[in-house]
Amino acid sequence: MTTLASGTDTLTRDALTVLQPGFTGTTAPDWLLRRLGEGLASVGLFGRNIASPGQLAALTAQLRAERDDVLVAIDEEGGDVTRLEVRNGSSFPGNHALGAVDDVELTQQVAHELGRRLAACGVNLNWAPSADVNSDPRNPVIGVRSFGADTGLAARHTAAYVTGLQSAGVAACTKHFPGHGDTAVDSHHALPRIDVSAEVLAERELAPFRAAIDAGTRAVMSAHILVPALDPERPATLSRRILTGLLRDELGYDGLIVTDGMEMRAIAGTYGIERGSVLAIAAGADAICVGGGLADDATVLRLRDALVSAVRAGELPEERLAEAADRVRALARWAGTAGHPAEHTHGTEIGLHAARRALTVTAAPGLGDPATFKPLTEPPYVAALTPVANIAVGDETPWGVAAELIHLLPGTVTGSFSAGDGPESEAGENAGRAALQAAGPRRIVAVVRDEHRHPWMASALGTLLAARPDTVVVEMGVPQAAPRGALHIATHGAARVCGRAAAEVIAGITGV
């Protein structure tokens with residue numbers, strides 16, 4: 001076991017132990033290694049830290065050379081939110097695609113294979129799965145990260161995901177408690193408010209978390225959301241009523257409680273990260289996630305010192321901080337004894353298999369049966385109607401079908417079209433006309449993402465279809481809008497394998 005640096009008192013060690021910071025670069029900086037020696041017990045990884053599986057394995061080995069029981073966490077949901085494959089797109093469909101298939105065994109197999117890959121790289125804590133019930137279709141931050149809008153569906157697949165991931169030796173962190181699905185606000189930007197009764201929350205939002213707890217989830221992540229029916233004053237991350245009263249006492253959960261990123265505006269813009277971190281630990285959280293945006297030694301020291309000062313000032317009970325640190329160490333012990341599973345049991349093609357099963361293929365009314373669709377034999381023009389990416393997904397990860405169609409139909413050309421800076425009433429028509437001009441005589445494949453949330457996108461698609469009714473439409477978000485086009489393919493997510501599965505249908509590739 002790692003020997004901590006001498007001269008670090010218990011209080012300071014505990015304050016470091018409850019932090020889960022990030023850093024920049026693909027090797028561990030000196031300051032991070034120094035803090036590991038002083039008591040820091042967790043490190044969070046993001047896409048910026050990962051170049052390849054081999055590099056990631058070397059990085060985690062570097063961390064463990066300093067502290068052998070370090071928790072190495074990552075935000076790897078598969079689907080739209082990927083860090084392992086941030087530059088290429090995920091080999092696994094996300095939750096919404098798995099929910100569309102509704103085969104819990106498949107969900108468990110996908111989660112196991114994803115966990116196996118994480119474990120092979122030295123990662124032992126995954127900030128996943130999202131257990132949110134996507135009950136508000138306008139949701140800008142959950143969407144395809146949810147298994148769906150049905151509570152029972154979300155609950156059974158959350159449990160299956162937890163079981164599959166942890167069978168690979170990687171701790172699951174079920175999020176975002178008590179449920180981030182019924183909101184049209186992104187907590188990266190502001191503080192969402194969920195105005196439903198406690199009864200609705202108990203029946204809808206909490207059901208997937210109960211299922212995750214029953215499945216043995218090792219961690220739960222709190223949401224930066226205000227739920228007045230539970231606590232009218234403080235967001236869940238800072239609420240003792242929610243984290244201790246509800247999650248601990250009522251639901252009987254005794255594992256690690258992790259906060260969502262403390263630099264998100266819902267907390268940083270209201271309480272500040274130092275005050276927010278103190279309140280979160282006092283409320284019942286055990287680990288402070290920070291590092292998506294603030295990723296330096298100064299941030300770690302600010303939060304460490306804020307926790308120590310709060311204890312010394314009597315604002316934070318020392319035993320509460322010690323209890324939180326003990327839970328971090330307990331999870332590290334579990335991760336150390338969980339072991340690594342044997343070489344993959346489901347095959348590396350499980351992700352593509354799942355993506356193919358998740359497709360929903362329909363023809364527009366009056367345009368015949370999808371079975372009569374004649375696959376494209378000539379390279380098309382792919383018009384990607386591109387929304388602004390949410391922060392959780394990021395804009396680094398490629399999406400769409402063009403890259404996959406280029407392999408199947410060489411010579412395929414693509415262009416990206418967005419709302420631009422003008423009035424939204426004009427943006428869609430302008431984007432549609434621009435796509436038509438760019439396409440020329442080529443057959444058009446229009447790719448959309450959450451058409452129902454973007455009026456400009458719906459308008460652009462209408463302009464395309466009015467001029468070119470033989471256009472193929474691929475919806476890579478939540479398929480809430482009515483299907484349109486000569487053929488409409490809903491992938492239920494924008495992972496690379498989802499694009500591959502759609503491209504196979506367009507090009508008539510079968511039997512693979």
Side-chain angles (χ1 to χ4, degrees), residues 9-21 39-42 44 71 73 127 173-178 180 187 191-193 209 219-291 294 299-331:
D9 63 88
T10 300
L11 178 57
T12 301
R13 283 200 304 270
D14 285 351
L16 281 170
T17 297
V18 302
L19 302 181
Q20 289 190 351
L40 186 69
S42 307
L71 284 170
W127 294 317
C173 182
T174 305
K175 61 189 183 184
H176 307 81
F177 188 83
H180 206 312
S187 51
L191 178 62
R193 177 185 175 110
F209 290 97
V220 169
M221 178 176 283
S222 67
H224 302 331
I225 55 175
L226 189 67
V227 189
L230 301 177
D231 188 332
E233 297 178 359
R234 288 186 174 170
T237 293
L238 312 183
S239 170
R240 184 167 179 81
R241 294 187 198 179
I242 294 174
L243 298 189
T244 299
L246 177 56
L247 183 54
R248 292 276 187 227
D249 298 341
E250 291 186 36
L251 300 185
Y253 175 67
D254 194 38
L256 190 78
I257 299 177
V258 184
T259 72
D260 207 343
M262 296 301 284
E263 64 269 58
M264 293 164 63
R265 296 306 299 168
I267 298 297
T270 52
Y271 294 85
I273 63 167
E274 294 99 327
R275 180 67 178 155
S277 296
V278 170
L279 292 173
I281 296 295
D286 305 303
I288 301 295
C289 176
V290 65
L294 298 172
T299 299
V300 172
L301 295 180
R302 283 166 59 194
L303 297 186
R304 179 200 67 182
D305 293 348
L307 291 168
V308 169
S309 296
V311 170
R312 289 177 174 160
E315 298 173 357
L316 174 64
E318 186 169 4
E319 56 271 22
R320 170 77 274 272
L321 180 62
E323 177 189 51
D326 284 344
R327 281 208 181 89
V328 174
R329 297 178 190 118
L331 182 57

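FYI, side chains are in, hydrogens and waters are out, and symmetry mates aren't considered; it's all heavy atoms of this structure. Start at 1 with the first residue, then count along the sequence.
Note that NE2 of H176 and OG of S222 are 9.0 Å apart. Values are rounded to the nearest 0.5 Å. Here the CD atom belonging to E319 is positioned 10.0 Å from the CG atom belonging to L321, to the nearest 0.5 angstrom. A distance of 8.5 Å separates NZ of K175 from CH2 of W127, quoted to the nearest 0.5 Å. Rounding to the nearest 0.5 Å places NE2 of H180 at 7.0 Å from CG of D260. How far CG of L303 is from CD of E274: 6.0 Å, rounded to the nearest 0.5 Å. Note that OG1 of T237 and CD1 of I288 are 8.5 Å apart. Values are rounded to the nearest 0.5 Å.
A donor-acceptor pair is defined here as one N or O able to donate and one able to accept, closer than 3.5 Å; no such pair exists between the side chain of R304 and the backbone of A15. Side-chain atoms of S239 never come within 3.5 Å of backbone atoms of D231 as a donor-acceptor pair (strictly under, hydrogens ignored). Formation of a donor-acceptor pair under 3.5 Å by the R320 side chain with backbone atoms of I281 is found in this model.
For the pair L247 and I242, the minimum side-chain heavy-atom distance is 4.5 Å or more. In this structure, the side chains of V308 and D9 stay at 4.5 Å or more apart for every pair of heavy atoms. Under the 4.5 Å side-chain criterion, counting only non-hydrogen atoms from C-beta, L19 is in contact with L40.
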Q: Kindly indicate, with the supporting measurements, whether the criterion side chain to side chain contact (heavy atoms under 4.5 Å, CB included) is fulfilled by T174 and M221.
A: CA-CA 6 Å; T174 305; M221 178 176 283; over 6 Å; no
Q: For the pair V18 and L307, evaluate side chain to side chain contact (heavy atoms under 4.5 Å, CB included) and give the outcome as yes or no after the intermediate values.
A: CA-CA 10 Å; V18 302; L307 291 168; 3.6 Å; yes
Q: Apply side chain to side chain contact (heavy atoms under 4.5 Å, CB included) to the pair L16 and V300, showing each step before the final yes or no.
A: CA-CA 8 Å; L16 281 170; V300 172; 3.8 Å; yes
Q) Between V311 and L11, is a side chain to side chain contact (heavy atoms under 4.5 Å, CB included) present by the stated rule, with each step listed? A) CA-CA 9 Å; V311 170; L11 178 57; 3.8 Å; yes
**Q.** Check against side-chain hydrogen bond (donor to acceptor under 3.5 Å, both in side chains), D14 and T17
**A.** CA-CA 5 Å; D14 285 351; T17 297; 4.8 Å; no
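Closest of all the heavy-atom pairs between A285 and A324 is O-CB, 3.9 Å. Contact between A280 and L243 at its shortest, heavy atoms only, is O-CD1, 4.4 Å. Residues D286 and G255 come closest through the heavy atom pair OD2-O, 3.6 Å. In terms of heavy atoms, P235 sits closest to Y271 at CD-OH, 3.7 Å.
Contact check on D254 versus R327 returns a salt bridge, with a Lys/Arg side-chain nitrogen under 4.0 Å from an Asp/Glu carboxylate oxygen. Using a 4.0 Å cut-off between charged side-chain N and carboxylate O, R312 and D305 make no salt bridge. Taking the charged nitrogens against the carboxylate oxygens, R241 and E250 have no contact shorter than 4.0 Å, which rules out a salt bridge. A salt bridge links D326 with R329: at least one charged nitrogen is closer than 4.0 Å to a carboxylate oxygen.
Here the options are I257, V220, I225, V258, the test is side chain to side chain contact (heavy atoms under 4.5 Å, CB included), and the partner is F177; only V220 passes.
Under the rule for a side chain to side chain contact (heavy atoms under 4.5 Å, CB included), the partners of A282 that lie at least two apart in sequence or sit in another chain are L316. Listed by chain and number, the residues in a side chain to side chain contact (heavy atoms under 4.5 Å, CB included) with S42 are Q20, L71, V328 (sequence neighbours excluded).
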